Amino acid sequence: MNKKTQLLQLPAESLYRACNLEDFDFQTTDELADIDLVVGQERAIDALQFGINIKDGGYNIYALGRAGTGKYKTVHQILTRTAADQQPAPDWCYVNNFSAPHKPIALRLPTGFGSKLRDSMEQLVEEISISIPAAFESDEYHSRLDEIEEEIKERHSSALDKLHEEAKELGIMFIKTPTGFAFAPMNDKEEVLSPEDFDKLPEDEKKQTTQKTTKLQRRLKKILDQLPVIRKKAMAKIKALDDEIGRSAINHMLETIKNDFSTLPEVCNYLDEVEKDILKNISSLHSSVEESPMALFGVGQTSRYETFISYSVNLLVDNSKLQSAPIISETLPSHSNLIGRCEYQSQMGTLVTDFTLIKAGALHKANGGYLILDARKILMQPLAWESLKRCLEAGEIRIESLERSLGLISTVSLEPETIPVDFKVILIGDPMLYYLMNYYDPDFQDLFKVAADFDNQMDRNMNNTQQYASMIATLARQKELRPLQKKAVIRLIEHSARLVSDTEKLTTHVRSISDLLCESDHWARQSGHETISEKNVQQAIDKQIYRSNRIQQRILEEIKRGTILISTSGDAVGQVNGLSVMQLGGFSFGQPSRITATMRIGEGEVLDIERETELGGAIHSKGVLILSGYLRSHYVKNNPLSMSASIVFEQSYGGVDGDSASLAELCALLSAIANVPIRQSFAMTGSINQHGQVQPIGGVNEKIEGYFDVCQTLGLTGEQGVLIPESNVKHLMLREDIVQAVRDGQFAIYPVSRVDEALELLTGLEAGERDKEGNFPEHSVNARVEQQLLEFSQIRQNFARENNKEAEQDKDE
Amino acid sequence: MNNAVDNKPVSRMLIALDAMQEKPGALETAVALAAHRQSELMMLFIEDMNLVNLAGLPFASEIDRTSVTERKLDSIQMTRTFRSQTQRLSRQLEQMTRQKNVPYSLRIVRGHYLQEALSAFEVMDVLFMCRTVGKYGKRSTEQKLSSLKSESHYHATSNGVWLMYNDSPAIERAFAVASDIAAATQQNLVVMIHGDDDKVSQVKQQISKYSDRAIAINYFIISPEQQEDTVIELLHSRLCRMLVLPISTEEAEQQNADRFLERLGIPVVVVR
């Protein structure tokens, strides 16, 4: 390597940004205080606080961010803090609607009053189940009932007695027949006169007897006609008596309850209805109904049970134990889990329900507070999303089964009174889902106006680094892990930067750090340490890689065995070592790929073989087209490009995308055109634009490490290195062994910002810049490329001229 | 039940029915008693002469109890009614006696109920007399009104089988029969005594050796001055379901049975 090349390479210090030990004023994490919220999410936290505090409708929140960035925890913490300053939510009950039992009434009660009402009604039922029968079995009641009975008896019997006596005086007997009553003349023995004896009577007497009988029958009819009237009056009197006795039995209990709820007019109205219903059904309440065998099957349990059940209270939401506004997280956000359901009981082959079988959903429980839902989960549940939107739009919760809402069934069922919505929804999901919903669902924009965007990374500055250390300490304590030594914390912070491939950033993917903490603790325990050391952290990192890098090791093995052709020494024309990143599960690694280019005279196309075989993605194709544009504009601006070239990733059969290899592809092509060999000890990565500027790429650490591992496998020569875009230098957080190799002069990293810089490093020749006359320096790489392309252009022109001449000759002939 | 109580076995029982019978309650009780006593049961169906004569009169008609409409009566219709009632009661009797393995016979006579019943009773040991509805159909009206009362009230005050204690020689057998009926129908037995506490003690002593511990026996004391009307009202208000009367051959006692039967509208069991 010449001196110039040496000057261009990055020093070891640039390859890894370590933390300064002096910046951390603790020995172990035991000395660090807990922090409440995740760090580095100021934007998201600000949005959450705004969304939670704004009272207008439609300002529900979508917390978007990559999984593992602490969205749920942050949301929950902020909500808990906010809810603590808010009053607990009211209780909600469903009670029977006596005029329309299939439409239960919803009652809103102050916190704690729901259970109170329920208990009061239970007690009422218990008491009236004793007091009412007792009142109706009392002597007073029966005496008064007897009086009514006696009165009827007297009225009825006295009339009949009188008629009987009158008939007797007239010599007529009052007879009972199997189906009624009759009158007939009687003899001295008070027996009915036989027809023969009647015939013997004088005509006058017969006539008189007939008249008397007829008259008596008319009177009897009148008396019997009165019986229903008497009976009806008796029933009315008995009803009034029942009302009076019933009222006396229940009044004091109901008044007590009314006093307890005197400030709640809805409850008082309900209690009035209860009173009316009790009095209306007083007879079934006090009659002893024998248990029928059917009751064993749950069918038609005693009428008393059925009546009493209607006075119970279904405490739908009981917030009596809450000290603050509710925060509900529904992990299975199905339709019925969200909006509630009416359950059914099976009785003798039929399904029956009543208001006591209404069950609350998450929306009910969150009313007055907050509801946290997973966006993906709710979208996966049939019609759950639609149901949620419907409730939010309508501002009320309507309990309805899916089948009914879809019109699949039309059996009579409950239609509970709707409950007004008073809660905020926080959806948690990934960004892609947010953007899709935002784009495709017009309702989404109206209902979820606040986006709490959780970032994947945060600035690596002094303040944040300190906070990060505190976050690590908090995590360790929450998970009951060993305390970490200072260097272990520092190692984690540095690894955090490596996870986002940026020396100036730290990852906010808390889950990764948390997992690493747990694994570090494990290795510390295995070693019998009381604290987690830097070594334990490194061991955890190494073990994570080791568990995942089987494929990578297999590839290295195949490279070593020569199955996969990679050269790390020597030089070749039209061939470079490109670098790509392979992602398998959660593990990424870099690997070199041989990129080759060939060219010949042609009509100007640069054939991307990956694209032609549909193995190349659109971005890769774009990269190839860009390098074609560079070629034309840089070398043959005033001439047609008379070259055909083809570029390929050798031994790549799995698909390629991205433009991070466009610099390597261009260098391979220029090498082929200029017939200048390229050093195979180098690998390169970088994207170019049409002006020849090298643009940054992703996965720079993995790519460098991947090539280093290959070089190490095949043998480090001290000549090997990697060319990377200069703008990627700030992303370098390389492994310690690579840093050491660079320090030892065994490996090198070269930042490049222009194609020419890369060409000079790769070829060892001057790339060349145009002088005032527009000429490249002689023997420079660019001069050679231009010369070759002009030659192709000339050849082609000559070829075309000859063809035209022959054509004209043929024409003349 | 104690067979050993009787010094005379009950071998012949008579149940006198007429066209007024609606419910088979008394018939069931009679069959049960006959089965227990291994007695022969005779059903005497009495075609009431009053009804026969009534139907034969040219202007005969009745007022329907329920619809209060007037309906003409004639002999053919009345005969038909008798026949259908007889057949129905006969079927019931046959079914019940077959189940209990009781020998039975059926006789149809025409005449006045009480006379025919008592006449047939002369060769019998026990007579069941029942006319479901009393004189004015009181029972049906009162039963309807009573249904307005609570069931518990009804149970609390009703005492099923009542025995009218007297000094008749048939008292012991009457007591045995009443006990058997009470046990068979799972009702209480109430012994109504005209007298004072001393009389009660005497009665208790007399019948104690015959009492069956399986049934509850209550004693109801009526002062000797109580009028018959009062006694009947009392029995009525206590919802007495069946009255057992020990009877001699004296006509006065037989008339007693008639009055009870007529005014109470419940089965009366006469024991000789």
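Here is the naming used below: chain letters follow the sequence lines, and residue numbers restart at 1 for every chain. Everything numeric in this text was worked out from a predicted model, so none of it was measured.
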Using the side-chain contact (heavy atoms from CB on, under 4.5 Å) rule, take B:E70 and A:Q217 through it: C-alpha gap first, then chi angles, then the decisive distance, then the call. CA-CA 8 Å; B:E70 190 176 340; A:Q217 277 178 339; 3.4 Å; yes
Evaluate the side-chain contact (heavy atoms from CB on, under 4.5 Å) criterion for residues B:H112 and A:K189: first the C-alpha distance (whole Å), next the side-chain angles of each, then the deciding distance (0.1 Å), finally the verdict. CA-CA 12 Å; B:H112 296 288; A:K189 294 180 195 171; over 6 Å; no
Would B:F59 and A:F198 satisfy side-chain contact (heavy atoms from CB on, under 4.5 Å), going step by step from the backbone distance to the final call? CA-CA 11 Å; B:F59 55 84; A:F198 181 77; 3.3 Å; yes
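Heavy-atom distances place both the backbone and the side chain of B:S61 under 4.5 Å from chain A. Proximity to chain B is limited to the side chain of A:L220, based on heavy atoms less than 4.5 angstrom apart. Of the two parts of A:M186, neither the backbone nor the side chain holds a non-hydrogen atom closer than 4.5 Å to a non-hydrogen atom of chain B. With a threshold of 4.5 angstrom between heavy atoms, A:T213 approaches chain B through side-chain atoms but not through N, CA, C or O. At a 4.5 Å heavy-atom cutoff, the contact between B:L51 and chain A is made by side-chain atoms alone.
Counting heavy-atom neighbours within 6.0 Å of A:K237 NZ, excluding the residue itself, gives a total of 12 or less. Under a cut-off of 6.0 angstrom, the local environment of NZ in A:K215 is sparse, with at most 12 non-hydrogen atoms contributed by other residues, nucleotides or ligands. Heavy atoms of other residues, nucleotides or ligands lying less than 6.0 angstrom from NZ of A:K258 number more than 12. For A:E126, the CD atom is loosely surrounded, since the number of other residues' heavy atoms within 6.0 Å does not exceed 12.
Ranked by heavy-atom pairs under 4.5 Å with chain B, the list A:K221, A:K206, A:E196 is led by A:K221.
Inspection of the B:R65 and A:T177 side chains reveals no N or O donor paired with an N or O acceptor under 3.5 Å.
A distance-only check finds a donor-acceptor pair linking the side chain of B:N53 to the backbone of A:V192 [under 3.5 Å].
A:P185 and B:L57 make their closest contact through CD-CD1, 3.5 Å (heavy atoms, listed as atom of the first residue, atom of the second, distance).
Between the NZ atom of A:K176 and the CD atom of B:E62 there is a distance of 9.5 Å, given to the nearest 0.5 Å. Expressed to the nearest 0.5 Å, how far CD of A:E191 lies from CG of B:N50 amounts to 6.5 Å.
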